[in-house]
Amino acid sequence: MSARDTTILIVEDEWKIARFLQMELEHEGFKTVIETNGRQALDRIIQEYFDLILLDIMLPEMSGIEICRCVREISQIPIIMITAKATIEDRVMGLDIGADDYLTKPFAIQELLARVRAAMRKNKTSTSQILDQGNLRVKNLVLFSKRYEAQVNGQPIELTKKEYGLLEYLVRNKHIVLDREHILQDVWGYEYAGNTNVVDVYIRYLRSKLDEQFGEKYIHTVRGIGYVVKD
């Protein structure tokens, strides 16, 4: 992943510092977003997609420690904590709750950039290892087949067993147009009777939880035939 394909969330309540980081990162080609409020930052992390988070500890409404702890419950997005608190206890706490790195103010921008690149390389390797364990991926959707779980941008998606089964079937056959008869036979296990719209109903369920929720089209309709999942 190149710098221009990487979006970094800067969570820092001191505007001058946040703006300085933004200018330096954008000079290197990264895309950036600034958030100065802790609770609003967590909301954005849950709702939006970022490739890396630069996270201050002392923030209004919610501390960086709390944010990191909450994020690690739903995502493995790289987090670099940036703070003026330089005690060993603070560093240990940040790393123990899941931060990937810890940088103390003041710091050289070259060091920050090096740590950002290192965190991105580490995350790319970890993601590849996860996907090599038999999991499935389409765009930012990952299916953990051994756990019957699905995530988009690291955020878990609540699916019923049948919804997951249908989604996994579509993903395993991505780029193949599947008609309703075969979907019924392979997912529901019975012959298509010609008088049921169960496939269409469950496709609507999945679209409401994926396409509509995340603003990304995963399931495409092929008129007169059926459905297909595309990258």
Side-chain angles (χ1 to χ4, degrees), residues 1-85 93-95 97-103 105 109 112-113 115-120 122-124 126-127 130 137-142 149-159 207-218:
M1 179 182 289
S2 64
R4 65 177 178 272
D5 298 320
T6 302
T7 302
I8 298 175
L9 175 62
I10 302 167
V11 187
E12 168 63 69
D13 65 332
E14 293 187 45
W15 179 252
K16 289 184 178 180
I17 295 176
R19 187 71 180 106
F20 168 74
L21 292 173
Q22 183 177 52
M23 289 189 295
E24 293 292 341
L25 289 165
E26 291 188 351
H27 179 73
E28 295 295 319
F30 295 102
K31 299 175 185 177
T32 64
V33 176
I34 293 175
E35 183 54 66
T36 59
N37 177 280
R39 189 165 297 281
Q40 292 175 11
L42 180 60
D43 289 341
R44 295 192 69 167
I45 293 166
I46 292 172
Q47 297 171 13
E48 302 176 38
Y49 178 75
F50 301 102
D51 296 290
L52 183 140
I53 303 170
L54 298 180
L55 182 61
D56 191 17
I57 287 184
M58 303 299 292
L59 296 164
E61 294 196 34
M62 178 178 282
S63 73
I65 295 293
E66 293 175 280
I67 293 171
C68 186
R69 185 179 292 114
C70 291
V71 170
R72 279 296 171 260
E73 293 179 357
I74 62 171
S75 173
Q76 292 303 310
I77 179 174
I79 298 175
I80 299 176
M81 307 202 81
I82 300 177
T83 179
K85 303 182 73 173
M93 180 182 296
L95 295 171
I97 63 171
D100 295 88
D101 207 343
Y102 195 109
L103 197 57
K105 301 174 186 175
I109 193 65
L112 172 64
L113 293 171
R115 294 188 183 222
V116 166
R117 290 191 290 266
M120 294 302 300
K122 177 183 176 183
N123 184 61
K124 182 179 180 180
S126 298
T127 301
I130 289 172
R137 182 168 194 154
V138 175
K139 300 179 182 178
N140 295 319
L141 167 68
V142 179
E149 294 178 4
Q151 295 182 2
V152 173
N153 298 333
Q155 181 177 340
I157 311 302
E158 292 188 9
L159 298 173
R207 282 176 168 163
S208 69
K209 295 181 179 183
L210 293 171
D211 300 31
E212 296 173 16
Q213 181 73 20
F214 296 96
E216 182 79 62
K217 194 169 184 64
Y218 293 94

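Model, not experiment: these values are computed from the prediction.
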* To do: Please confirm whether the backbone N or O of Ile157 pairs with a side-chain atom of Lys209, one donor and one acceptor, at under 3.5 Å?
  => no

* Scan residues 6-20 for pairs that pass salt bridge (Lys or Arg N to Asp or Glu O under 4.0 Å), counting only residues two or more places apart or in two chains. => Glu12-Lys105

* Asked: With no hydrogens and no angle check, is any side-chain donor or acceptor of Glu66 less than 3.5 Å from a backbone partner on Ser63?
  -> yes

* **Beyond-backbone contact of Asp51 with Phe30, side-chain heavy atoms, under 4.5 angstrom** => no

* Asked: Is there side-chain contact between Asn153 and Ile77, with at least one heavy-atom pair below 4.5 Å?
  -> no

* **For Glu61, all residues meeting side chain to side chain donor-acceptor pair (under 3.5 Å), sequence neighbours excluded** => Asn37

* Asked: NZ of Lys217 to CD of Glu212: how many Å apart, nearest 0.5 Å?
  -> 9.5 Å

* Taking side-chain contact (heavy atoms from CB on, under 4.5 Å) as the test, write out the residues that go with Gln155, two or more places apart. => Ile46, Phe214

* Structure fact -> Tightest non-hydrogen contact, residues Gly64 and Leu55, listed as O-CD2, 3.3 Å

* For Arg72, enumerate each residue passing the salt bridge (Lys or Arg N to Asp or Glu O under 4.0 Å) test, keeping only those at least two apart in sequence or located in another chain. => Asp100

* Pick one: which of Leu113, Ile109, Thr6 meets side-chain contact (heavy atoms from CB on, under 4.5 Å) with Glu28? -> Leu113

* Please tell me if the side chains of Met81 and Asp101 come closer than 4.5 Å, counting only heavy atoms from C-beta onward. => no

* Drop me the distance from Ile17's CD1 to Ile34's CD1, to the nearest 0.5 angstrom. => 11.5 Å

* To do: Mind checking salt bridge (Lys or Arg N to Asp or Glu O under 4.0 Å) for Glu149 and listing every partner two or more places apart, or none if nothing turns up?
  => Arg147

* **Side chains of Ile53 and Ile8 in contact at under 4.5 Å (non-hydrogen atoms)** => no

* To do: Locate the shortest heavy-atom distance separating Leu52 from Ala119; write the atom from each residue and the value.
  => CD1-CB, 3.8 Å

* **Listed partners of Glu216 passing salt bridge (Lys or Arg N to Asp or Glu O under 4.0 Å), at least two apart** => Lys139

* Structure fact -> Smallest heavy-atom separation, Leu9 atom then Glu35 atom, equals CD1-CB, 4.1 Å

* Asked: Does Leu25 reach the side chain of Ile10, with side-chain heavy atoms less than 4.5 Å apart?
  -> yes

* Asked: Hey, is the main chain of Tyr102 close enough, under 3.5 Å, to the side chain of Arg115 for a donor-acceptor pair?
  -> yes

* **Smallest separation among heavy atoms of Val116 and Leu54, with atom names** => CG2-CD2, 4.2 Å

* Within-4.5 Å side-chain heavy-atom neighbours: Thr32 and Leu21 -> no

* With respect to Cys68, which candidate in Leu42, Ile79, Val11 satisfies the side-chain contact (heavy atoms from CB on, under 4.5 Å) definition? -> Ile79

* **Contact check, side chains of Leu141 and Tyr218, non-hydrogen atoms, under 4.5 Å** => yes

* Structure fact -> Tightest non-hydrogen contact, residues Ile67 and Ala41, listed as CD1-CB, 4.4 Å

